Amino acid sequence: GADEASPVPCALAFARRGVDGVDLNLGCPQAIARKGHYGAFLLPETARVSRLVGALARALAPLGVAATAKVRLLESRAATIATARALEAAGACLLTVHGRTKEENKERVGAARWAEIAAVKAAVGIPVVANGGVEDGGDVIACLDATRCDGVMSSEGALANPAIFARAAAAADGADG
């Protein structure tokens with residue numbers, strides 16, 4: 001939900017069970033997210049999502065639990081960076097950035113825009129995880145090189161090939177990946 005207090009009780013329940021972090025997914029582009037006004041459909045409301053992240057961060061900090069967020073690209077690089085900085089200021093200690101907007105998908109648009117993710121990474125002082133366009137071990141290395149991010153997230157690539165990161169590590173070490 002979009003109410004600042006709504007994720008806090010659930011997050012606290014999991015924090016008390018020993019989780020290391022709670023992530024607010026502001027990147028979901030699915031129709032159900034549109035209908036419920038959450039995920040990527042809430043993301044353009046920078047003040048509101050900053051309050052959500054701030055509420056989570058304040059509630060979780062005394063328990064030593066991280067508040068993180070996943071975002072997508074917005075209509076411009078400037079808007080994406082402004083939102084990333086606002087989430088950092090609100091207390092997010094890590095951002096995952098998907099390199100496409102909610103309207104884009106890999107079938108219609110093609111490659112994720114890693115240069116946009118790199119711009120976010122350069123603009124904030126917290127770790128950034130790149131997401132989008134990572135289908136195999138070589139993509140993991142290429143994405144890290146292109147974005148200078150602290151990590152890479154893969155969904156479909158990892159589903160199709162659960163060893164994707166092992167192969168990326170082997171490629172980074174000079175073995176076949």
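Position 1 is the first residue of the sequence; numbering continues from there. Bear in mind that the values here come from a model prediction, so they are computed numbers and not experimental data.
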Nearest-0.5 Å distance, CD of residue E75 to OG1 of residue T101 = 10.0 Å

Are N131 and K70 close enough that some pair of their side-chain heavy atoms sits under 4.5 Å apart?
-> yes

Backbone N/O of A122 and side chain of R148: donor-acceptor pair under 3.5 Å = no

Does L56 reach the side chain of V53, with side-chain heavy atoms less than 4.5 Å apart?
-> no

V134 and I164, any side-chain heavy atoms less than 4.5 Å apart = yes

Do you know the tightest heavy-atom contact between A59 and L12?
-> O-CD2, 3.5 Å

Is there a path of hydrophobic side-chain contacts, each under 4.5 Å between heavy atoms of I, L, V, M, F, W or Y residues, that connects V124 with V129?
-> no

A86 versus T46, closest heavy-atom pair with distance = CB-CG2, 3.6 Å

Measure the spacing between CD of E88 and SG of C93 and express it to the nearest 0.5 Å.
-> 10.5 Å

Shortest non-hydrogen contact from V22 to V19?
-> CG2-CG2, 4.3 Å

Grab the two heavy atoms, one from R100 and one from A111, that are nearest each other, plus how far apart they are.
-> NH2-C, 4.0 Å

Applying side chain to side chain contact (heavy atoms under 4.5 Å, CB included) between K121 and each of D150, T147, L95, V97, report the one that passes.
-> D150

Check: G132 main-chain N/O paired with W114 side-chain donor or acceptor under 3.5 Å = yes

Any donor-acceptor pair under 3.5 Å from R85 side chain to I81 backbone = no

So, D23 side chain and A69 main chain: donor-acceptor pair closer than 3.5 Å or not?
-> yes

Enter the distance from K102:NZ to L43:CG here, rounded to the nearest 0.5 Å.
-> 8.0 Å

Hey, could you give me the NE2/CZ distance between H37 and R48, rounded to the nearest 0.5 Å?
-> 5.5 Å

Closest heavy-atom pair, A146 versus A118, reported as atoms and distance to 0.1 Å, is O-CB, 3.6 Å

Just wondering, do T96 and T68 contact through their side chains at under 4.5 Å, heavy atoms?
-> no

Does one hydrophobic cluster hold both I117 and I126, with members joined at side-chain heavy-atom distances below 4.5 Å?
-> yes

What heavy-atom pair brings R72 and E104 nearest, and what distance separates the two atoms?
-> NH1-O, 4.2 Å

Answer whether the closest heavy-atom distance between the side chains of L87 and L26 falls below 4.5 Å.
-> yes

Find out whether L52 and L42 are in side-chain contact, i.e. whether some heavy atom of one side chain is under 4.5 Å from a heavy atom of the other.
-> yes

Nearest 0.5 Å please: distance from the CD atom of E135 over to the CG atom of L159.
-> 10.0 Å

Same cluster (ILVMFWY, side-chain, under 4.5 Å), L74 and V128 = yes

